[in-house]
Number of protein chains: 2
Amino acid sequence: MSEAELPEVTTTLVYRLGGLGAIASARFAAAVEPLGIRPKHVALMAVLSAGAAASQLELAQTLGVVASVVVGLTDRLEALGAVERLRDPDDRRRHRLSLTPAGRTLLASCTAAATALDAELTASLSPAEAQSLHRAVGVLASETGLPA
Amino acid sequence: MSEAELPEVTTTLVYRLGGLGAIASARFAAAVEPLGIRPKHVALMAVLSAGAAASQLELAQTLGVVASVVVGLTDRLEALGAVERLRDPDDRRRHRLSLTPAGRTLLASCTAAATALDAELTASLSPAEAQSLHRAVGVLASETGLPA
DNA sequence: TATTGTTATACTCTATAACTATA
DNA sequence: TATAGTTATAGAGTATAACAATA
């Protein structure tokens, strides 16, 4: 009978990434909440800004949510004047969403907030550690097909 | 007017940690689901295993959830024979939770599953990258006061 | 009167399903 | 008839509040 040496579950990467991710999401949510939006709204605007989706259905697939969720997110962003719903002339069932100048400004504010949080988060790491963390997380993010 | 250069929000650490954490949690949840439990149950057992809490109220504080949530988690684990509720003789309002041998076995299975997921997750990283990622995540985890 | 655990209730988020309009 | 968007409904998860037992 072999008795494999196992670490504590709380020290594993998946476990810690799960907990850390929840904290990161909460902090980011708190940072953008004064702007009247939540992280999913930011994700939607980021996809639009990258030109990575046209119709709401495509948006839903890219974001990994269901179509009805995109409706609610878009309603909110439209009310804020951050996005516009434009009928696709080629297929009038479709809405082409477009980021307005106000939306770009809003997205920039979110990016600034995220950058500030990054600085807080990595304050206790050396520059080299912070950089290698950033790089490793980037690799995992692209590998897992994150809505980026 | 200075125009600061900002990265895309999707490349920031908080944003990616949020998304990555959601994926990690989902994978871990899928891995322990056949065992009849969810990540929070694992967290509760881990705290008990570490002797980091006695009463259900302490458990709630350590886990960062409300007391009524601990009731449900404990109900489930008790039904599985993984934990026991023992009245505290010093204060009969309190339940001292104790991990049974079956609970230790269950926790070990979860740890093994998490370790396997770690290997998958870091497969595309070099050993050195994986190790530095693990270390950096450990620093952030302890810094943010994760239930560990 | 204060506190531990429990139960009952409400709220948030998301998914499923039914519906409208276009194709 | 099939599809894009919308609306209506239901489920999971968690928080708040009321309650019972004990201090």
Side-chain angles (χ1 to χ4, degrees), chain A residues 18-19 21-30 32-33 36-44 47-48 52-79 83-98 147, chain B residues 18-19 21-30 32-33 36-44 47-48 52-79 83-98 147:
Chain A
I23 290 174
S25 292
R27 288 191 185 179
F28 187 50
V32 299
E33 188 267 324
I37 57 177
R38 283 173 297 114
K40 287 258 194 248
H41 297 104
V42 181
L44 193 158
V47 172
L48 286 185
S55 68
Q56 292 184 197
L57 204 58
E58 275 182 282
L59 231 359
Q61 290 160 348
T62 304
L63 295 175
V65 296
V66 89
S68 57
V69 169
V70 175
V71 175
L73 296 174
T74 304
D75 283 349
R76 178 76 193 152
L77 291 172
E78 197 177 33
V83 306
E84 283 177 331
R85 278 181 167 102
L86 304 169
R87 282 280 169 202
D88 184 337
D90 295 349
D91 184 344
R92 294 185 41 74
R93 293 173 301 182
R94 286 186 176 159
H95 280 159
R96 295 189 67 88
L97 300 189
S98 116
Chain B
I23 290 175
S25 292
R27 288 190 185 181
F28 188 49
V32 300
E33 187 267 324
I37 57 177
R38 282 172 298 114
K40 288 257 194 250
H41 297 104
V42 181
L44 193 157
V47 172
L48 287 185
S55 68
Q56 292 184 199
L57 205 58
E58 275 182 282
L59 232 358
Q61 290 160 348
T62 305
L63 294 175
V65 296
V66 88
S68 57
V69 169
V70 175
V71 175
L73 296 174
T74 304
D75 283 349
R76 178 79 193 151
L77 291 171
E78 198 177 32
V83 305
E84 282 177 332
R85 278 181 167 102
L86 304 169
R87 282 280 169 202
D88 184 337
D90 294 349
D91 183 343
R92 293 186 41 74
R93 293 173 301 184
R94 286 185 175 160
H95 280 158
R96 295 189 68 87
L97 300 189
S98 120

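Computed from a predicted model, the values in this text were never measured in an experiment. Chain naming here is simple, since letters A, B, ... match the order of the sequence lines and numbering starts at 1 in each.
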Which part of the nucleic acid does [X] contact within heavy-atom distance under 4.0 Å: base, sugar-phosphate only, or nothing?
X	value
B:Val66	base
A:Ser68	base
B:Arg85	sugar-phosphate

Task: Heavy-atom pair with the smallest gap, counting every atom of A:Ala52 and A:Thr62 - done: O-OG1, 4.1 Å

Task: Heavy-atom pair with the smallest gap, counting every atom of B:Leu48 and B:Leu97 - done: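 In this case the closest contact between B:Leu48 and B:Leu97 is CD2-O, 3.7 Å.
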
Separation of [X] atom [atom1] from [N] atom [atom2], in whole Å?
X	N	atom1	atom2	value
B:Gln61	C:dG5	CD	P	10 Å
A:Glu58	D:dT3	CD	P	15 Å
B:Leu73	C:dG5	CG	P	14 Å
B:His95	C:dT3	NE2	C1'	14 Å
B:Asp75	D:dT14	CG	C1'	16 Å
A:Arg87	D:dG5	CZ	C1'	7 Å
B:Arg92	C:dT6	CZ	P	13 Å
B:Leu59	C:dT3	CG	C1'	17 Å

Task: A:Arg96 bridged to A:Asp91 by N-O distance under 4.0 Å - done: no

Open item on the list: Between A:Arg94 and A:Arg87, is there a side-chain heavy-atom distance shorter than 4.5 Å?
Closed with: no

Task: Donor-acceptor pair present, A:Arg93 side chain and D:dT3 base, under 3.5 Å - done: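 Looking at the base of D:dT3, it does pair with a donor or acceptor on the side chain of A:Arg93 (distance under 3.5 Å).
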
Minimum-distance nucleotide to [X] side chain [options: [options]]:
X	options	value
A:Arg94	D:dA4, C:dT14, C:dT6	D:dA4
B:Lys40	D:dT14, D:dG5, C:dG5	D:dT14
A:Arg38	D:dA15, D:dT6, C:dT14	C:dT14

TODO: Could you say whether A:Val69 or A:Asp91 is positioned toward the 5' end of DNA chain C, judged by the nucleotide with the nearest heavy atom to each?
DONE: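 Mapping each residue to its closest nucleotide by heavy atoms, the 5'-most match is A:Val69.
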
TODO: Indicate yes or no for a side-chain donor-acceptor contact from A:Arg38 to the backbone of A:Leu73 under 3.5 Å, with no hydrogens or angles considered.
DONE: no

